[in-house]
Amino acid sequence: MERSRIAVAGASGLIGGALVRSLAADGHEVVRLVRRAPRGPDEVRWDPERGRVDAAGLIGCEVVVNLAAAGVGDRRWTPEYKRVLRDSRVLGTAALAEAVASLPEPPRAFVNGSAIGFYGDTGERVADEDAPPGDGFLARLCVEWEEAAAPAEEAGVRTVFLRTGLVVARGSGAWGRLFPLFRAGLGGRLGDGRQYWSYIALHDEVAAIRHLIDRADLAGPFNLTAPQPLTNREVTAAMGRVLRRPAVCAVPGPVLRAALGELAGDVLASQRVVPRRLLESGFRFAFPGIEEAIRAA
């Protein structure tokens, strides 16, 4: 892709930060959306919960990427935190989509975050992008999250939804919590370990986003997961092998439920999700296997 001006919301997060570094390294002009007063021409003010965006700062952007969202596993799911999870996604997306639609020359693409939580618990069933939404809080949230982008779609802007799986990365996110436990020899399966985990290496996550930015013929939902989901038991064994630590500890389901509350239901849920549309578009994974992804992290 030719050098472009690209706006990124959520630029301080795990995925957003990696994407910004990748874009900047290739000479793209990156504009970060920030919640404080801008400190330079590369920052644009927004207040997602109040639906405010300095749309003038988006003028000239060929692409707007929205990766801003509160962390699903950062806190126990109290009613108050569930509201934070929803507002950070739905209100933020709606604000950006409306700002994009209001521009005299809208960007050519609006790339919006989403998650494989859209599918709910799939059990043994393989889910691609044609699978229906599931049940539960996260599934309903993902549906609302994607629907909030309607103003951009209705304005004729190519809109892409990133249904991201578990990102294998050292710094933060779910895997950021797992690495220290496994290094200490305290790693092990969660529940019975038979639930499927659909993962993706951080490198491949960023490469897939850039692939979807570049391809003008691609729109709609894309599963950002490695081609072969594995069970939690298989992932646990791979972590033990790569880190050369025993992985014999296990956290029973009732203990998880007592510790995490409603969130435990999603931790123990099985999501056997595959990236059919991404593969059909010609994307190639650099780290398709779990051991490769762990080593890359």
Side-chain angles (χ1 to χ4, degrees), residues 8 10-26 65 67 69 71-73 111 113-119 126-129 160-183 187 189-190 195-215 218 221-245 247 267 270-297:
V8 180
S12 61
L14 172 67
I15 300 170
L19 176 64
V20 166
R21 290 190 294 273
S22 174
L23 291 169
D26 285 343
V65 181
L67 299 171
V72 167
V111 180
S114 186
I116 60 170
F118 178 95
Y119 304 107
V126 175
D128 64 15
E129 291 85 354
V160 177
F161 300 105
L162 310 171
R163 292 181 182 167
T164 297
L166 293 167
V167 179
V168 185
R170 186 177 60 184
S172 60
W175 240 277
R177 297 182 179 91
L178 289 179
F179 274 119
L181 291 174
F182 275 85
R183 286 203 181 95
R189 60 179 171 80
L190 303 178
Q195 70 272 28
Y196 277 90
W197 276 18
S198 296
Y199 63 90
I200 185 169
L202 179 59
H203 173 96
D204 286 330
E205 172 80 10
V206 171
I209 295 172
R210 295 199 54 177
H211 174 77
L212 294 169
I213 287 173
D214 293 348
R215 288 282 298 273
L218 301 179
F222 285 82
N223 293 335
L224 270 57
T225 61
Q228 187 62 51
L230 299 173
T231 64
N232 172 257
R233 189 184 296 269
E234 291 170 319
V235 170
T236 294
M239 287 282 283
R241 287 193 300 272
V242 173
L243 298 178
R244 298 182 182 180
R245 294 288 188 276
V267 171
S270 180
Q271 294 196 301
R272 195 175 186 180
V273 179
V274 295
R276 177 183 59 80
R277 294 194 67 210
L278 195 59
L279 292 172
E280 288 176 352
S281 73
F283 180 78
R284 294 293 176 263
F285 287 81
F287 305 102
I290 187 61
E291 291 196 19
E292 300 166 276
I294 294 169
R295 289 194 182 96

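Every heavy atom of this structure was used, including side-chain atoms; hydrogens, water molecules and symmetry mates were not. Only a predicted model underlies this, so the values are computations on that prediction, with no experimental measurement involved. One-based numbering along the sequence shown.
- Between the side chain of Y199 and the backbone N or O of I290, at least one donor-acceptor pair lies under 3.5 Å.
- Side-chain atoms of R210 come within 3.5 Å of backbone atoms of S22 as a donor-acceptor pair (strictly under, hydrogens ignored).
- A286 approaches D204 most closely through the heavy-atom pair N-OD1, 2.8 Å.
- Taking all atoms of both residues into account, the shortest heavy-atom contact from V167 to T164 is CG2-CG2, 3.6 Å.
- Atom CD of residue Q195 and atom CZ of residue R233 lie 9.0 Å apart, to the nearest 0.5 angstrom.
- For the residue pair P275 and A226, the shortest heavy atom distance occurs at CD-O, 3.6 Å.
- E234 pairs by the side-chain hydrogen bond (donor to acceptor under 3.5 Å, both in side chains) definition with T231, not counting sequence neighbours.
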Exercise for the section: Show the numbers, then the answer: is there a side-chain contact (heavy atoms from CB on, under 4.5 Å) between L162 and L67? Expected result: CA-CA 9 Å; L162 310 171; L67 299 171; 3.8 Å; yes

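- Residues that satisfy the side-chain contact (heavy atoms from CB on, under 4.5 Å) test with V274, not counting sequence neighbours, are V126, D128, P229.
- Looking at T225, its side chain never comes within 3.5 Å of a backbone N or O of I200 through a donor-acceptor pair.
- Scanning for side-chain hydrogen bond (donor to acceptor under 3.5 Å, both in side chains) contacts around E280 gives R276, with sequence neighbours left out.
- Partners of S281 by side-chain hydrogen bond (donor to acceptor under 3.5 Å, both in side chains), not counting sequence neighbours, listed by chain and number: H211.
- Judged by distance alone, the side chain of E129 and the main-chain N or O of N223 form a donor-acceptor pair under 3.5 Å.
- In terms of heavy-atom proximity, L218 sits nearest to V160 at O-CG2, 3.6 Å.
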Exercise for the section: Kindly determine whether L212 and L224 satisfy side-chain contact (heavy atoms from CB on, under 4.5 Å), including the steps that lead there. Expected result: CA-CA 11 Å; L212 294 169; L224 270 57; 4.1 Å; yes

Problem - Evaluation steps, side-chain contact (heavy atoms from CB on, under 4.5 Å), between E292 and F285 - result: CA-CA 11 Å; E292 300 166 276; F285 287 81; over 6 Å; no

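- A pairwise comparison of heavy atoms in G117 and Q271 identifies CA-NE2, 3.5 Å as the closest pair.
- Taking the side-chain contact (heavy atoms from CB on, under 4.5 Å) definition, one finds that A207 meets it with F283, sequence neighbours left out.
- Annotation: salt bridge (charged side-chain N to carboxylate O under 4.0 Å, His left out) contacts of R21 (sequence neighbours excluded): none.
- Although no hydrogens or angles enter the test, the distance criterion places no donor-acceptor pair under 3.5 Å between the side chain of E205 and the main chain of I15.
- Judged as a side-chain contact (heavy atoms from CB on, under 4.5 Å), and not counting sequence neighbours, the contacts of A115 are C142, W145.
- A search for ring pair (Phe, Tyr, Trp, His ring centres under 6.0 Å) contacts involving F287 returns H203, not counting sequence neighbours.
- Residues passing the side-chain hydrogen bond (donor to acceptor under 3.5 Å, both in side chains) test with R277, sequence neighbours excluded: none.
- In this structure, A238 and E291 approach most closely via the heavy-atom pair CB-CG, 4.0 Å.
- Not a single donor-acceptor pair under 3.5 Å links the side chain of S198 to the backbone N or O of G165.
- Put simply, CZ on F222 and CG on L278 are 7.0 Å apart, with the number rounded to the nearest 0.5 Å.
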